[in-house]
Amino acid sequence: MGKDTERTKMNESQKTDEQVRVRMAPSPTGFLHVGGARTALFNWLFARQHNGTFILRIDDTDAARSTDASMQEIFDALKWLGINWDEKYVQSERRNIYDRYVSQLLDSGHAYYCYCTQEELEEIRTESRKAKSTRSYDGRCRELSSDMVERYVSEGRKPTVRIKIPDRQIRVDDMILGSRNIDPLTLEDEVIVRSNGMPNYNLTSIVDDAEMQITHVIRGTEHLNNTPKQIVIATALGFNLPLFAHIPLVLDDTGRKLSKRHHGDLVAVNRYREQGYLPEAMLNFVARLGWSYDDKQEIFSVDELVEKFDLARVGKSGSVFDIKKLEWLNSHYINQLDVSARTDAVIPFWQQEGLLDATEERDWLERIVDAVGERLTTFQDIIPQTRYFFTDDYEYEPKAVKKWWGSSDEKKQSAREILTNLQQILTDIPTFDLETVESAVWKYTDENDIKRVAAMQAMRIALTGTSFGPSLFDIVVLLGKDEVLKRIDKALANL
RNA sequence: GCCCCCGUCGUCUAGCCUGGCCAAGGACACCGCCCUUUCACGGCGGCGACACGAGUUCAAAUCUCGUCGGGGGUACCA
């Protein structure tokens, strides 16, 4: 065993020093999800770090479930993340390659035709389960007589092709999980070609890894059990093995694997783009799921990730997808952007909401964004934060009204008084700039012994309908004198 | 059922390989205080974990075994 470990290590450094070739192999059966994005990122980082090649391979041998639309969606998501590929392959276009290797396996006796029907297989499975067997297929078609074959063929049965699991231990080396030996009794003669002639994942995957000269297979641990099967096929075909690195799964908050089927949009990368997340934040977030650099750094630029990422520092246990942390990172990256860039990012959201009518001046928009300041967690937040700048069609939030305008007649009267006075003051001031407005309002509150917060909040609700948001004086100036007076009128009528 | 993997604060993790520096550090979240025209931001503080049990050892989060717990796979899906 000591010898083997040594050899593995040698192998490893050799390959790292040589040309690194890695691949991401999504199946186009839906959108790219967070876990897939992480697999892509880890592969991509590893390739870039070693000046290697990152290959995108579309594993679409399941014609029934694969769609062009989802293939496109995966491309879009990867492009948005900035994960660019150097080579691209589509498995459904490579049938002849797989067929050639299947013939080779058949000819060399490493594989055989199986004529069992679905019903028969189901029966075998039930039986072996009852018998607590480690296998669910017994290999009964390994030695079919030519008579039987003839009979099956005449019945119109279309055979599958199965790989013969050899009778010896299979050694699996994994860069993250370590090495182990697999008892062949726990493996069974897997179907490698369907009865419709289309090869299966375990065949195409390892054949392509060899054909494409993949040096490191970095993929999720859901494939851990496939690895010995693929090693068997590779060995039968005389391939050199790539190095395997199985990264732990991304989990939901109940500890289950994130999947398109169970989690839907929550895990769709493209959905995060639409909601106003930054690719830098998504990348940073996903990189830290299972990987860490040290006990200090949380924020990593893409360049830093390329430099610092290390498979040896990827943990063995699964990580829960915590959107709160993603949000924190996103607001961090948004705040790194200058006002102009933030404005660019936010305009599509205003447009989508129908708030822009092309009369707004860029400068005014930028001032709004500036006033909003660090209050954005996602760009989508710009809508509730700034809606009232574009329309006076907003509701007065009941909770805010109750607190700052008051529920009793007495309190309402006092709020009405304040708003009326404020309106008068704002009408009278000579210029409508920040300093003038601010000092006039404070002069009024301080001289009349009115709490600043009470006056400000009463006016804020009048102008925005809510009790939170940017500095009130910014809002007042941005809205302009006419609009402010008009809105106070409206508030007075509603109070 | 069977096979495989995993197990440090609620979450992401540092520490584990090379036992003592760990009465376990950081970050997110949460709570409180400060700042403050609101909400955020920021500053300060708080809460909070080595799954359990044996063993080895002068010494165990770190090594060994067992138990328990969680997850993945078990298809003519990938």
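Just so we're on the same page: letters track the sequence lines, and every chain starts at 1. The analysis underlying the following values was restricted to heavy atoms, covering all of them including side chains, and did not include hydrogens, waters or symmetry mates.
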Inset, instruction - Verify the neighbour count for atom CZ of A/Arg180: are there more than 12 heavy atoms of other residues, nucleotides or ligands below 6.0 Å? - result: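 Atom CZ in A/Arg180 is packed in, count exceeds 12.
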Within the pair [X] and [N], is there a side-chain N or O less than 4.0 Å away from OP1 or OP2?
| X | N | answer |
| --- | --- | --- |
| A/Arg194 | B/rA78 | yes |
| A/Thr61 | B/rA78 | yes |
| A/Arg256 | B/rG72 | yes |
| A/Lys257 | B/rG73 | yes |
| A/Asn226 | B/rA78 | no |
| A/Arg162 | B/rA75 | no |
| A/Asn200 | B/rA78 | yes |
| A/Thr221 | B/rG72 | no |

NA contact type, [X], heavy-atom cut-off 4.0 Å: base, sugar-phosphate, or nothing?
| X | answer |
| --- | --- |
| A/Asp253 | nothing |
| A/Arg57 | nothing |
| A/Thr160 | base |
| A/Gly469 | base |
| A/Leu249 | sugar-phosphate |
| A/Ser471 | base |
| A/Ser467 | base |
| A/Pro470 | base |
| A/His246 | nothing |

Counting distance alone, no hydrogens or angles: does the base of [N] have a donor or acceptor under 3.5 Å from a partner atom on the side chain of [X]?
| X | N | result |
| --- | --- | --- |
| A/Ser195 | B/rC76 | yes |
| A/Arg65 | B/rC77 | yes |
| A/Glu298 | B/rG26 | yes |

Over 60° means perpendicular and under 30° means parallel, so tell me whether [X] and [Y] are parallel, tilted or perpendicular.
| X | Y | value |
| --- | --- | --- |
| A/Phe321 | A/Phe285 | perpendicular |
| A/Phe349 | A/Phe379 | tilted |
| A/Trp328 | A/His332 | tilted |
| A/Tyr293 | A/Phe300 | perpendicular |
| A/Phe309 | A/Phe42 | tilted |

Legend entry - NZ or CZ of A/Arg387 within 45° of A/Tyr394 ring axis and under 6.0 Å: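 So A/Arg387 doesn't make the cation-pi contact.
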If you check the [X] side chain, which of [options] turns out closest?
| X | options | answer |
| --- | --- | --- |
| A/Ser292 | B/rU13, B/rC39, B/rC4 | B/rU13 |
| A/Asn225 | B/rG72, B/rC28, B/rG1 | B/rG72 |
| A/Leu472 | B/rG1, B/rU11, B/rU37 | B/rU37 |
| A/Trp442 | B/rU37, B/rC12, B/rU38 | B/rU37 |
| A/Arg129 | B/rU13, B/rG1, B/rC4 | B/rG1 |

Inset, instruction - Would you mind telling me which residue lines up with the more 5' stretch of RNA chain B, A/Gln91 or A/Met456, judged by nearest nucleotide? - result: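 Looking at the nearest nucleotide for each, A/Met456 comes out on the 5' side.
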Legend entry - Among A/Leu434, A/Leu422, A/Val437, side-chain contact (heavy atoms from CB on, under 4.5 Å) partner for A/Val476: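 Exactly one pass, corresponding to A/Val437.
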Legend entry - Salt bridge present between A/Glu155 and A/Arg157 (N-O < 4.0 angstrom):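 A/Arg157 and A/Glu155: salt-bridged.
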Inset, instruction - Could you identify which residues of residues 115-125 of chain A place a heavy atom less than 4.0 Å from some atom of RNA chain B, listed by residue number, or say none? - result: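 Result for residues 115-125 of chain A: A/Cys116, A/Gln118, A/Leu121, A/Arg125, sorted by number.
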